[in-house]
Amino acid sequence: MFPKYDVIVVGAGHAGCEAAVAAANLGSKVLLATMNMNTIAQMSCNPAMGGVAKGQIVREIDALGGYSGIVTDHTMIQFRLLNRSKGPAMWSPRAQSDRMLFAMKWREMLEAHPNVDFWQEMVTGIVVKDGRAKGVRTALGLEIESESVILTNGTFLNGLIHIGEKNFGGGRAGERNATGITEQLVELGFEAGRMKTGTPARIDGRSLDWDRMEEQPGDENPGKFSFTDTPKLTKQRPCHITYTNTKVHEILKTGFGRSPMFNGRIKSLGPRYCPSIEDKINRFSDKDRHQLFVEPEGWNTCEIYVNGFSSSLPEEVQYKAIRMIPGFENAKMFRPGYAIEYDFFPPTQLKLSLETRLVENLYFAGQINGTTGYEEAGCQGMMAGINAHLKVKEEDPFILKRSEGYIGVLIDDLVNKGTKEPYRMFTSRAEYRILLRQDITDMRLTPLATALGNPYMEERMARVAAKTKAIEDIRTFFSTTSISPDQVNGLLESKGSTPLRQGMKLQRILLRPGIGADDIRRALPFVDEFLSKIDQEFVESAEIGLKYEGYIAKEEEMVSRMNRLESVRLHENFDYHSLTALSAESREKLSRIKPVNIGQASRISGVSPSDISVLLVHLGR
């Protein structure tokens with residue numbers, strides 16, 4: 001009935017979709033197994049992609065040939081570049097998406113791929129022979145053969161939904177949970193845990209008083225995520241901002257006695273950076289209001305997502321409290337918020353390729369690894385898909401370094417440090433933020449994806465070549481063109497900058513605080529004439545490179561020093577217990593995680609600098 005597949009992907013959320021595409025684009029024959037074909041790439045929580053550091057991840061997925069950026073550009077209803085008031089290392093793209101169009105576009109792109117097949121049924125187990133994953137077993141008792149398996153089960157593994165004192169099995173609202181896989185993996189020796197996440201009530205936008213809220217429009221000149229030729233956003237839907245108040249908080253507190261969060265029924269940890277409204281009130285009792293983002297779910301729906309009001313309180317308490325929010329006095333609820341508990345597997349049980357240590361050719365990606373967020377899931381799925389394909393072809397795994405991408409930071413953090421709560425990415429987690437800027441993601445990563453043999457990267461590489469040349473041309477122009485005081489002193493005085501007494505190179509003017517390329521273009525028509533022939537995105541990247549040259553050089557030196565440690569390899573069978581000079585904690589952690597080099601060993605929680613010195617001495621370094 002089935003052919004033998006190279007890769008079977010279990011679960012068709014954001015991780016599963018990217019995993020399927022990544023392996024299929026490299027030539028693997030892929031089966032995508034899902035319990036419901038109608039919920040492929042469902043946005044289970046907020047209808048948005050990107051955000052702080054998450055936007056960088058979406059651009060990285062795109063630069064490596066994934067589809068999340070393309071799908072987002074085709075289906076977004078608003079775009080904003082966050083943190084523009086900060087340095088360019090912090091700039092983060094974010095898009096409000098049309099939830100239904102997003103899932104539809106993903107499915108359309110998957111179905112158009114000749115290397116992707118589908119099967120709608122619950123997968124209840126993995127076929128394991130001689131310590132290797134060889135396929136999956138379904139609820140109907142079917143065995144489907146494959147060379148590798150990627151598990152991307154999201155919140156479905158023994159998922160339990162909580163609303164007040166009620167709880168019932170489910171992977172998300174209206175969908176059943178998945179059973180069987182956790183139990184088998186535990187039997188195979190895997191350590192499992194429980195995590196919690198939540199979602200807010202959905203509201204009928206027709207019942208809201210929009211005049212009582214603050215409008216939050218998109219950017220005047222909206223950007224996009226993909227480096228390919230995706231459509232530019234020409235019209236946008238606004239979001240709105242409102243706030244809770246002491247009346248809202250008092251009503252919510254009346255339900256605390258019946259809250260699964262506070263009465264002990266939920267024992268697992270929820271996301272620190274996206275807490276429920278009851279958790280916020282409890283933890284930040286000194287605050288008399290909390291900001292809420294009122295987000296439309298699409299172009300042609302009145303359904304509204306209340307970002308910041310996630311809750312598992314009884315539905316009648318949620319309803320009463322919501323009606324005390326300014327603008328929500330007559331609100332009608334489509335469905336209440338809820339919390340969901342689900343199984344995850346501590347990611348310290350993985351290799352950096354996302355292959356499990358216990359079972360060969362078995363990969364985990366997404367919330368099964370303890371992460372939260374569509375973007376974190378998508379990038380793990382993509383890396384698991386690439387590496388499953390490479391493993392089947394008996395090629396070396398594809399591992400991104402921390403200096404190469406936020407994806408590298410995320411996976412390195414998960415494997416070396418693990419996570420006790422749902423992990424989400426922030427720019428502060430990366431030590432090389434200027435090198436990992438979102439504007440040059442394609443220049444960093446597209447050549448690496450092309451080298452893997454992805455046949456769909458030709459056009460992308462041509463664009464990278466054009467961008468590289470344009471940036472170099474701009475750099476040469478600014479570093480070799482001199483200007484006289486009379487040409488530029490008017491501009492300098494208007495910006496409160498010291499006037500020139502003699503000629504100077506354009507680059508020196510650009511380096512002055514408060515002066516940008518646009519200012520120079522307005523003051524010097526010949527500069528505007530030169531730059532107007534170049535793509536505006538390339539001009540912006542070149543400007544950042546010129547202005548932050550010193551900081552970039554400093555980070556590159558840091559990377560060079562770290563790479564020296566990364567080059568000192570460690571054998572997988574290294575006997576750390578024989579090195580008594582190592583601390584007991586270090587011996588235990590190193591033996592369990594099995595780092596591939598000294599750099600990775602240095603980032604393992606509990607391994608001290610003195611332990612690294614012991615290893616280097618032992619290795620003759």
Side-chain angles (χ1 to χ4, degrees), residues 131 186 188-193 269 344-360 362-364 369-371 383 387 391 396-421 423 425-426 428-433 435-436 554-621:
V186 169
L188 287 166
F190 285 90
E191 177 195 346
L269 277 172
F344 86 106
F345 293 83
T348 48
Q349 300 171 99
L350 302 174
K351 300 177 184 178
L352 288 170
S353 63
L354 299 181
E355 183 184 21
T356 67
R357 296 186 182 284
L358 279 175
V359 177
E360 201 175 343
L362 176 63
Y363 295 77
F364 291 171
N369 289 335
T371 60
M383 296 302 284
N387 283 317
K391 185 74 187 281
D396 290 338
F398 178 60
I399 311 289
L400 283 178
K401 297 175 187 165
R402 296 180 73 91
S403 58
E404 291 174 327
Y406 279 90
I407 297 172
V409 173
L410 182 145
I411 293 174
D412 193 73
D413 279 356
L414 291 175
V415 172
N416 294 320
K417 297 185 175 77
T419 184
K420 300 288 186 204
E421 61 190 43
Y423 176 105
M425 180 52 74
F426 289 102
S428 58
R429 295 195 193 271
E431 54 272 57
Y432 310 117
R433 289 191 290 276
L435 298 182
L436 303 186
K554 203 173 286 185
E555 281 201 359
E556 285 172 341
E557 173 55 30
M558 286 167 60
V559 171
S560 179
R561 285 202 300 271
M562 180 50 74
N563 283 346
R564 289 197 281 275
L565 290 179
E566 304 280 349
S567 68
V568 183
R569 308 288 296 173
L570 289 166
H571 198 276
E572 193 173 347
N573 299 320
F574 193 103
D575 184 7
Y576 296 100
H577 290 292
S578 67
L579 290 182
T580 53
L582 292 173
S583 69
E585 182 182 5
S586 180
R587 291 199 298 271
E588 186 267 319
K589 295 272 182 73
L590 290 165
S591 299
R592 180 157 51 87
I593 293 172
K594 296 183 170 67
V596 295
N597 56 51
I598 290 287
Q600 185 189 352
S602 72
R603 295 188 294 273
I604 295 172
S605 176
V607 177
S608 68
S610 61
D611 291 321
I612 296 301
S613 297
V614 169
L615 285 173
L616 287 169
V617 168
H618 178 78
L619 294 167
R621 296 300 185 102

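Residue numbers count from 1 along this sequence. Side chains included, hydrogens not; waters and symmetry mates left out as well; all remaining heavy atoms used.
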Engineer: Scan residues 575-584 for pairs that pass salt bridge (charged side-chain N to carboxylate O under 4.0 Å, His left out), counting only residues two or more places apart or in two chains.
Structural biologist: none

Engineer: Nearest 0.5 angstrom please: M383 CE to L410 CG, how far?
Structural biologist: 10.5 Å

Engineer: Relative to each other, are the rings of F364 and F190 parallel, tilted or perpendicular (30° and 60° limits)?
Structural biologist: tilted

Engineer: Pairs in or reaching into residues 577-596: which pass ring-ring contact (aromatic ring centres under 6.0 Å, His included), with residues at least two apart or in two chains?
Structural biologist: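 Output for this query is empty, none listed.
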
Engineer: Testing the 3.5 Å rule here: is there a donor-acceptor pair between the side chains of N387 and Y363?
Structural biologist: no

Engineer: Just checking F426 against Y406, ring centres under 6.0 Å apart?
Structural biologist: no

Engineer: Apply salt bridge (charged side-chain N to carboxylate O under 4.0 Å, His left out) to E431 and list each qualifying residue two or more places apart in sequence or on a separate chain.
Structural biologist: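 E431 satisfies salt bridge (charged side-chain N to carboxylate O under 4.0 Å, His left out) with R402 once adjacent residues are dropped.
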
Engineer: What is the distance from atom CD of Q600 to atom CG of L590, rounded to the nearest 0.5 Å?
Structural biologist: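 These two atoms lie 9.5 Å from each other.
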
Engineer: Looking at R433 and E555, is there a salt bridge between them, counting it only when a charged N and a carboxylate O are closer than 4.0 Å?
Structural biologist: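 Here E555 does not pair with R433 in a salt bridge, since their nearest N and O are not under 4.0 Å apart.
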
Engineer: Checking side-chain polar atoms at under 3.5 Å, does S608 have a donor or acceptor matched by the opposite partner on D611?
Structural biologist: yes

Engineer: Treating S591 as the side-chain partner and R587 as the backbone partner, does any N or O pair qualify as donor plus acceptor under 3.5 Å?
Structural biologist: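 Present.
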
Engineer: Is the NZ or CZ atom of R569 both under 6.0 Å from the centre of the six-membered ring of F574 and within 45° of that ring's axis?
Structural biologist: no

Engineer: Would the distance check show the side chain of E404 and the main-chain N or O of K401 forming a donor-acceptor pair, the cut-off being under 3.5 Å?
Structural biologist: yes

